[in-house]
Amino acid sequence: MVSPFTLPPMGFGPGSQPLPDDRLQYIALPSGMRTYEPHLPRAEDPAALAEALAFLAALAAAADRVATGAAAEEFDLAPLSPEARIVVADALGQGEVSMKLRGKPAILVQESVFAGVWLLAGAAIDRVEIAPAPALALSRAHVPHRPALGPRTARVPGLANAPALLAELTDRSATHPAGGPPHVINLSLLPHTPEDLAWLDTALGEGAVSILSRGYGNCRITATALPRVWKVQFFNSMDTLILDTYEVTALPEVALAADVDLADSAQRLRAVIEAIR
């Protein structure tokens with residue numbers, strides 16, 4: 001007879017215990033990144049195709065110049081023939097940054113698949129701009145759509161850090177040097193209440209420019225009515241807020257095309273032109 005003391009004890013070891021219900025849950029990481037894919041448009045009319053290729057070559061040359069520090073350049077699309085216009089639009093495609101500019105006229109901005117090559121559309125406006133960012137996005141950014149009330153904003157129960165954050169943003173707005181590094185306040189890492197967020201939104205107001213940058217998930221950028229202050233929020237592919245910040249800068253970097261991006265766009269434009277030929 002086997003002694004019971006030599007048998008393994010019951011209720012011990014892997015798999016012997018039920019799994020707890022409070023398993024660790026991870027926030028879904030961003031996925032589905034947009035990437036550049038070359039597209040070769042076609043036109044049956046050789047004259048229209050030649051016209052479109054000449055226009056694209058001019059854009060490539062301008063991108064090279066702007067990448068080396070030259071001023072932004074604009075190209076009117078209106079003079080193109082209808083078929084050439086279709087070829088150009090097909091070649092440029094849609095990139096990951098779009099903007100809405102309030103004002104007269106209201107303007108929709110769409111970055112092409114070539115970084116730093118922007119398409120602007122509005123009343124009597126149909127053009128391409130080669131620049132790190134469209135000039136109107138900078139000049140209109142903080143024109144108040146909803147005015148900033150600042151410290152005059154009525155205090156409400158539940159406020160914690162919002163008044164101190166407003167004082168910091170106001171000071172940085174007034175003293176931020178042109179071309180200086182952005183000053184970032186990361187709300188995701190700071191203790192705050194829902195009342196803080198609502199109070200700051202009222203105190204800072206809203207400017208005339210809103211931006212959506214699509215890469216890993218979405219980045220939503222909104223100009224406040226306080227100069228150089230932007231609300232920048234990052235969402236994952238599940239549209240869950242994962243980073244909530246204010247940035248004090250001319251324009252958040254996530255919406256800018258760097259010099260290296262413009263130089264790369266010039267090369268890729270020429271590659272598309274050669275492939276079409």
R270: partners by side chain to side chain donor-acceptor pair (under 3.5 Å), with sequence neighbours left out: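 Partners of R270 under the side chain to side chain donor-acceptor pair (under 3.5 Å) test: D64.
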Beyond-backbone contact of I185 with L187, side-chain heavy atoms, under 4.5 angstrom: yes
Qualifying side-chain hydrogen bond (donor to acceptor under 3.5 Å, both in side chains) pairs with a residue from residues 226-235, counting only residues at least two apart or across chains: K231-D244, Q233-D244
Residues forming a side chain to side chain donor-acceptor pair (under 3.5 Å) with Q267, sequence neighbours excluded: none
L92/V113 under side chain to side chain contact (heavy atoms under 4.5 Å, CB included): CA gap, chis, key distance, verdict: CA-CA 6 Å; L92 294 181; V113 295; 5.8 Å; no
Considering all heavy atoms, the nearest L204-T224 contact: O-CB, 3.6 Å
With R85 via salt bridge (Lys or Arg N to Asp or Glu O under 4.0 Å) - residues at least two apart: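 By the salt bridge (Lys or Arg N to Asp or Glu O under 4.0 Å) rule, R85 matches D126.
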Pairing residues for E247 by the side-chain contact (heavy atoms from CB on, under 4.5 Å) criterion, not counting sequence neighbours: P182, V184, V232, T245, T249, P252
Partner residues of R140 under the salt bridge (Lys or Arg N to Asp or Glu O under 4.0 Å) criterion, sequence neighbours left out: none
Test side-chain contact (heavy atoms from CB on, under 4.5 Å) applied to A72 - qualifying residues, sequence neighbours left out: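 Applying side-chain contact (heavy atoms from CB on, under 4.5 Å) to A72 gives E129, A131.
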For A164, all residues meeting side-chain contact (heavy atoms from CB on, under 4.5 Å), sequence neighbours excluded: none
Nearest atoms (heavy-atom pairs only) where F114 meets E111: O-CG, 4.2 Å
For R220, side-chain contact (heavy atoms from CB on, under 4.5 Å) partners two or more places apart: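 Once residues adjacent in sequence are excluded, the partners of R220 under the side-chain contact (heavy atoms from CB on, under 4.5 Å) criterion are L212, N218, F235, D239.
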Heavy-atom closest pair, residues A141 and V209: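 So the two residues come closest at CA-CG2, 3.5 Å.
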Side chains of residues 154-162: which donor-acceptor pairs under 3.5 Å do they make with residues two or more places apart or in other chains?
| from | atom 1 | to | atom 2 | distance (Å) |
| --- | --- | --- | --- | --- |
| N161 | ND2 | P191 | O | 2.6 |

For the student: nearest non-hydrogen atoms of V109 and P134, plus distance: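 So the two residues come closest at CG1-CG, 3.7 Å.
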Ionic contact status for R102 with E206, cut-off 4.0 Å: yes
side-chain hydrogen bond (donor to acceptor under 3.5 Å, both in side chains) contacts touching residues 50-62 (sequence neighbours left out): E51-S81
Salt bridge (Lys or Arg N to Asp or Glu O under 4.0 Å) involving E253 - partner list, sequence neighbours excluded: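 By the salt bridge (Lys or Arg N to Asp or Glu O under 4.0 Å) rule, E253 matches no residue at all.
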